[in-house]
Protein chains: 2
Amino acid sequence: MIYASPKGGVMNARSDHGVRRGRKFDQVLEGARKVFLRDGFERASVDEIARVAGVSKATIYAYFPDKQLMFLEVARCECHRQTEEAEAMVGGEVPVRVALTIAAERIAAFQMSDFGQRMFRIVVGEGERFPGLGREFYDFGPGLIHERLVHHLASYVEQGVLKIDDLHLAADQFAQLCKAGIQEKLLFGMAEKLTPEDVHRSVHGAVDMFLARYGTGA
Amino acid sequence: MIYASPKGGVMNARSDHGVRRGRKFDQVLEGARKVFLRDGFERASVDEIARVAGVSKATIYAYFPDKQLMFLEVARCECHRQTEEAEAMVGGEVPVRVALTIAAERIAAFQMSDFGQRMFRIVVGEGERFPGLGREFYDFGPGLIHERLVHHLASYVEQGVLKIDDLHLAADQFAQLCKAGIQEKLLFGMAEKLTPEDVHRSVHGAVDMFLARYGTGA
DNA sequence: TCCGATATGAACTGATAAGTTCATTTCAAG
DNA sequence: CTTGAAATGAACTTATCAGTTCATATCGGA
């Protein structure tokens, strides 16, 4: 099994969360990621994680004090990773409609992705019992999108093509609109895969509605 | 403990889901409801349910073949019960804006309720492992609202005060808009209680946006 | 090549929980 | 009051799983 060696080669640094590092750290994290995303927190067993990671259970407990902290670490890493992948966002100089359409497509795509869906299920399902988990997920997922959106909307308002009083509400509304007709079907298992037409419909429906409300026609 | 006796007085009928009934059926269901809603499916223990229901474990297993079916039965009952409570909906002869505002307030209220939140967490969290659970929840919760909404929107379209091509999309969009600024805060534990002002802002934001897009001004 | 840090695995503890069993008791209908 | 269905409770089986322990093996850097 090929795995990246820990950055810097330092073997026994402690992370800021009570988590030790070492040679096989990445391997463990990867195994944990797979199993937690597949089975959820409660149903995932540490023995299974060890098996999938190709590592002994003792090694796992050398890194993490317990299962909860291991899970939190995985969640944290996944959120950060996912965020980095979505770095590229609508550039500066495109028409509003185009920018909104691109943004809507990203939002819809994320939520339809296997990762997006499973992570959402876990965070929502276990959220009440993991203080801070929901917050962590939000800050490095939806919250980040939200901030970007507010920022871009503001610049369009300055240009005079949008008129928005409450930028934060507008951004939330837009994000919500992108999920119309998608989120429920997926979350409640009423459709395995959505057709590109379904997505197209939601995306354009969101953009049309948003512009009808906040567009100046300029 | 006071409990309603089984309807009809028939003691040993089998329901359509492999579930037997009997003297203490309602008591068991009530205990299960409490514990499942409090702890979720995985963390709820049958012994605890027996304790809370004031019933012996053997009795529980006389009714339900296993924990899963017991949970499904509880979920079913809860959804139906909840639906019945929300029967009253916007009447016929009020202006669109008023009707939409009332509807938005209900949607927001349901999702902020303790029951709405916990049930959503469980259904989303366990949904992948309970075939049919998501569907059941949808059909007797959000799906019902959806149908009502479509129906009412159609009548306003006929009156000429709304202009809507895709009624189902419009209904989904409206429902989504009502959650803007509420759902994420609650689900991700970023606010214990939302102020009435927050709700007011979301509700009116939803109505304003919906009318901007679909209103004819008539 | 040598050394100290790291990993191993396999057995072990302790706890919890699902589901079963059965002799005994309660209850309600007739 | 009688009777049979329903309920009891407490012990029991079986299984799973988190977390520990330790003697041994491996690995990478110097």
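Basis for what follows: all heavy atoms, side chains included, without hydrogens, waters or symmetry-related copies.
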Just the rounded figure in Å: distance from P of C:dA18 to CD of B:Glu42.
9 Å
Taking NZ from B:Lys24 and P from D:dA7, how many angstroms apart are they, rounded to a whole number?
7 Å
Describe, in one word, how the ring planes of A:Phe140 and A:His80 are oriented to each other, choosing from parallel (under 30°), tilted (30 to 60°) and perpendicular (over 60°).
parallel
Considering every strand and a 4.0 Å limit on heavy-atom distances, what is the contact class for A:Ala50: base, sugar-phosphate, or nothing?
nothing
Quick check: does any side chain N or O of B:Asp172 sit under 3.5 Å from a backbone N or O of B:Leu169, one acting as donor and the other as acceptor?
no
Whole Å only: how far is the NZ atom of B:Lys67 from the P atom of C:dG19?
8 Å
Tell me: CD1 of A:Ile49 to C1' of D:dG19, nearest whole Å?
13 Å
What is the distance from CZ of A:Arg23 to C1' of C:dT6, rounded to the nearest Å?
5 Å
Determine whether a donor-acceptor pair (one donor, one acceptor, N or O, separation below 3.5 Å) exists between the side chain of B:Lys57 and the base of C:dG19.
yes
Can you tell me which nucleotide in D:dT8, C:dA7, C:dA18 comes closest to the side chain of B:Ser45?
C:dA18
Can you tell me if the side-chain N/O atoms of A:Tyr61 get under 4.0 Å from OP1 or OP2 in D:dT21?
no
On DNA chain D, does the nearest nucleotide to A:Ala58 precede the nearest nucleotide to A:Arg43 from the 5' side, or the other way round? Give the residue.
A:Arg43
How close or far is atom C1' of D:dA18 from atom CZ of A:Phe64, stated in whole angstroms?
15 Å
Roughly how far, to the nearest 0.5 Å, is CG of A:Leu187 from CD of A:Gln111?
8.0 Å
Checking contacts here: which listed nucleotide (D:dA6, D:dA18, C:dA17) is nearest the side-chain heavy atoms of B:Tyr63?
D:dA6
Between B:His146 and B:His168, how do the two ring planes meet: parallel, tilted or perpendicular, split at 30° and 60°?
parallel
Looking only at D:dT8, D:dA18, C:dT20, the nucleotide nearest the B:Val55 side chain is D:dT8
What nucleotide among D:dA18, C:dT8, C:dA28 has an atom nearest to a side-chain atom of A:Thr59?
C:dT8
Of the nucleotides D:dG9, C:dA18, C:dG9, which one has an atom closest to the side chain of B:Val46?
C:dA18
B:Phe25 CZ to C:dA28 C1': how many Å, rounded?
20 Å
Parallel under 30°, tilted from 30 to 60°, perpendicular over 60°: which one fits the rings of B:Tyr138 and A:Phe188?
tilted
Find the distance B:Gln68:CD to C:dA17:C1' and express it as a whole number of Å.
15 Å
